[in-house]
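A short write-up of the structure that comes next.
Letters A, B, ... mirror the listed sequences (proteins, then strands); counts begin at 1. Computed from a prediction, not measured in an experiment: that's the story for all the values here.
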Amino acid sequence: MAVHNADIASMFNRTADLLELQGANPFRIRAYRRAARTIADLPQSAASLVESGADLSELPGIGDDLAGKIAGIVKTGRCPILEQLEKEFPAGLTELLNVGGLGPKRVMALHTSLGIDNVDDLRRAVRAEKIRALKGFSEKIEQKILHALETRGTQEKRFKWIVADEIARPLAAWLSGIAGVKKVVVAGSCRRMKDTVGDLDILVTCAKGSPVMDRFVKYEEVAEIISHGTTRATVLLRSGLQVDLRAVPGISYGAALYYFTGSKAHNVAVRALAVKRGLKINEYGVFKGDRRLAGRTEEEVFRQVGLPYIEPELRENRGEIEAARAGNLPRLVTVEDMRGDLHAHTKASDGRNSLSEMAAAARALGYEYLAITDHSRHLTIANGLDEKRLRKQCEDIDRLNEKLKGITLLKSCEVDILESGKLDLPDSVLKELDLTVCSVHYKFDLPAVRQTERIIRAMDNPYFNILAHPTGRLIGEREPYALEMERIVRAAKERGCLMEINAQPDRLDLNDIHCRIAKDAGVKLAISTDAHGTAHLGYMHLGVAQARRGWLEAKDVVNTLPLKALRQALKRR
DNA sequence: GCCGTTTTCGGCCCGACTGTTTTCAGTCG
């Protein structure tokens, strides 16, 4: 059984949880968590690295010890230190760490004093009012635990970026109407454009925070006030989204924005740089002793630690700090770089608009071209096109292109990849298209090896151009299908195939990590909206955001090219 | 457990809020 990076990361995170319960050295715990992240973000499988004899201790945050443990896990599937720790604690105990308000100290107190071993035990003890009597606890804390159990459960809920954005906009507008508020900005993972957002971090500047916080907790969407101080307050909205509001004076705007944008791992790493320079960074500024050196803008903060500005999308401590120091930061692709969209549907299959409506909408966005990619026949539920209907559509496009000014429609098709790896339409019609966009729409549950080989076989077809929504995930609804992404990427590179970043808000597929894997392998990408109506063409910025998070530059993305160069880039080798 | 222009030991980011607390521990981000 192959060991996946996610398995190793999960073992290390679990080890860290148990070490926390044990009261181990916090830095040792952090080392396990950092290693878990490094492995989870790795562009190749750790297993293949181990097998090829690579030195894992070269990886950031992984030394000789953890490199040895990783090798052990790859070879045996087991992690002795984890197994040892698991013997020391009941299996359900770490789940208690996910209950709001409970950390390692309180969990251990509950365990040793009341024999609470899992969430069910906790629930019973709360109901029996046993917890209030414990030292360091109280009736109030007991009530908070009960409340956390009832309302928030133990599973973290994340929101699709677009949903969080829809909630943030009216809230930000409302906040900016509060007396004394100058700037309002959404920071956190929303600003970093992560595909999902766990909570909203909003920053305001004002002379006095207290009245702003008092107003904030009265926002009409607030379901619950979690904390309420003078410079910071946390609420739960009716939507279930948690919002942290922080207030700082204008002179600290840049430092606070930088601080609250995160990520935490990025901030920790940059602060460590500051410490080496004898500086201290906090949300109020950059300080040498008591002297403030910077804070009004983010650029000032970066300058003080000797770094150029790092775009929010890159701030994940995935090498951006090292790249910044070396002057190697990527010049990230922007929405303005995009010259066309390579995945769009019309009424012919399951879209809402006609060819000419889609063309007009694309031209209004300033595009040079738009690929019409209605579904192929296998997707009957979407009224997929057979050979005859596709030929007819091509004729329609040819005729329309003669009339259109400023935009060219490209003849294409979203061709189903059949279970056998064959494409859903014969080569005789595929060769007449400007390009193909190929995707998996059924049999999601094949084992990784078979799914991978299905896709690679499809890529063997000389008319295969772009692998659309390569993992098939639907955020919050459907997990990505099992896939050996490195093999897919390698196969794409060898055959001159491209991969898509699908910009639909519930897909965002490839994700940021996979984008980076593809880029590092030299595979070109297309950022496409998979529009099923004219309005969807506006999702481009979501795909671009994931591309930016994956370090992509305009030169990595084919639909930044003018039409002539695009045609060249689509040619298979 | 990692790491090194502080290099094989001794550091490791920093502050706000809560609740129980007479000065701080725990949790969170």
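Between the side chain of Glu95(A) and the backbone N or O of Gly92(A) there is no donor-acceptor pair closer than 3.5 Å. Without hydrogens or angle criteria, Arg106(A) side chain to Gly101(A) main chain gives a donor-acceptor distance under 3.5 Å.
For residues 303-327 of chain A, proximity to DNA chain B is found at no residue, defined as any non-hydrogen atom under 4.0 angstrom from a strand atom.
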Output one letter per nucleotide in nucleotides 3-11 of chain B: B when a protein non-hydrogen atom lies under 4.0 Å from the base, S when only the sugar-phosphate is that close, - when neither is.
S--B-----
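The pair Arg478(A)-Asp506(A) does not count as a salt bridge, with every side-chain nitrogen at least 4.0 angstrom from each carboxylate oxygen.
At whole-Å resolution of the value, CZ in Arg30(A) and P in dG29(B) are 17 Å apart. In this structure, NZ of Lys264(A) is placed 14 Å from P of dG15(B), rounded to the nearest angstrom. Phe12(A) has its CZ atom 13 Å from the C1' atom of dC2(B), to the nearest Å. Remark: C1' of dC28(B) and CG of Leu97(A) are 13 Å apart, rounded to the nearest angstrom. Atom P of nucleotide dG1(B) and atom CG of Asn13(A) are separated by 15 Å, given to the nearest angstrom. When the C1' atom of dC13(B) is taken as reference, atom CZ of Phe260(A) falls 14 Å away, rounded to whole Å. When the P atom of dC2(B) is taken as reference, atom CZ of Arg37(A) falls 17 Å away, rounded to whole Å. Across the protein-nucleic acid pair, Glu20(A) atom CD and dG1(B) atom C1' stand 15 Å apart, rounded to whole Å.
Heavy atoms of Ile281(A) sit under 4.0 angstrom from primed sugar atoms or phosphate atoms, though from no base atom. As judged by a 4.0 angstrom heavy-atom cut-off over every strand, Lys69(A) is placed among residues touching the sugar-phosphate backbone only. Counting any heavy atom pair closer than 4.0 Å across all strands shown, Pro104(A) reaches sugar-phosphate atoms only and no base atom.
Rounded to a whole angstrom, the distance from the P atom of dT6(B) to that of dG11(B) is 14 Å. Taking the C1' atoms as reference points, dT8(B) lies 14 Å from dG1(B), given to the whole Å. Using C1' as the reference atom, dG26(B) and dT21(B) are 12 Å apart when rounded to the nearest Å. Spacing between dG10(B) and dG15(B) at atom P, rounded to whole Å, works out to 26 Å. Between the C1' atoms of dC13(B) and dC28(B), the separation comes to 14 Å (whole Å).
A sub-4.0 Å separation between OP1 or OP2 of dG15(B) and a side-chain N or O of Asn282(A) is present. Distances shorter than 4.0 Å separate some side-chain N or O of Gln242(A) from OP1 or OP2 on dG29(B).
The side chain to side chain donor-acceptor pair (under 3.5 Å) pairs that include a residue from residues 293-302 of chain A are Arg191(A)-Glu298(A), Glu298(A)-Tyr309(A), Glu298(A)-Arg315(A), where partners are two or more places apart or lie in different chains.
For the side-chain hydrogen bond (donor to acceptor under 3.5 Å, both in side chains) with Asp195(A), the qualifying choice from Arg473(A), Lys160(A), Arg158(A) is Arg473(A), the only one to do so. The only member of Glu313(A), Glu316(A), Glu311(A) that meets side-chain hydrogen bond (donor to acceptor under 3.5 Å, both in side chains) when paired with Arg549(A) is Glu316(A).
We find the CD1-NE2 distance between Ile162(A) and His541(A) to be 6.0 Å, quoted to the nearest 0.5 Å.
When only modelled atom types and interatomic distance are considered, Asp509(A) and Thr471(A) share a side-chain donor-acceptor pair under 3.5 Å. A side-chain donor-acceptor contact under 3.5 Å links Glu224(A) and His147(A). Of the N and O atoms on the side chains of Thr261(A) and Arg192(A), not one donor lies less than 3.5 Å from an acceptor on the other residue.
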Using the rule given for side-chain hydrogen bond (donor to acceptor under 3.5 Å, both in side chains), can you reason through Asp214(A) versus His228(A), listing the C-alpha separation, both sets of side-chain angles and the distance that settles it, and then say yes or no?
CA-CA 8 Å; Asp214(A) 294 346; His228(A) 177 185; 2.8 Å; yes
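The side-chain hydrogen bond (donor to acceptor under 3.5 Å, both in side chains) check on Arg490(A) picks up nothing, with sequence neighbours excluded. In this structure Pro211(A) satisfies the side chain to side chain contact (heavy atoms under 4.5 Å, CB included) test together with Lys208(A), sequence neighbours excluded.
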Considering only nitrogen or oxygen atoms on both sides, find all protein atoms under 3.5 Å from nucleotides 17-19 of chain B and state each distance.
| residue | atom | partner | partner atom | Å |
| --- | --- | --- | --- | --- |
| dC17(B) | OP1 | Thr230(A) | N | 3.0 |
| dC17(B) | OP1 | Thr231(A) | N | 3.0 |
| dC17(B) | OP1 | Thr231(A) | OG1 | 3.3 |
| dC17(B) | OP1 | Arg232(A) | N | 2.9 |
| dC17(B) | OP1 | Arg232(A) | O | 3.3 |
| dT18(B) | OP1 | His228(A) | N | 2.6 |
| dT18(B) | OP1 | His228(A) | O | 3.4 |
| dT18(B) | O3' | Lys144(A) | NZ | 3.4 |
| dG19(B) | OP1 | Lys144(A) | NZ | 3.4 |

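Across all strands shown, dT8(B) forms no Watson-Crick or G-U wobble pair with both key distances under 3.5 Å.
Comparing Tyr284(A) and Phe137(A) against DNA chain B, the residue whose closest nucleotide sits nearer the 5' end is Tyr284(A).
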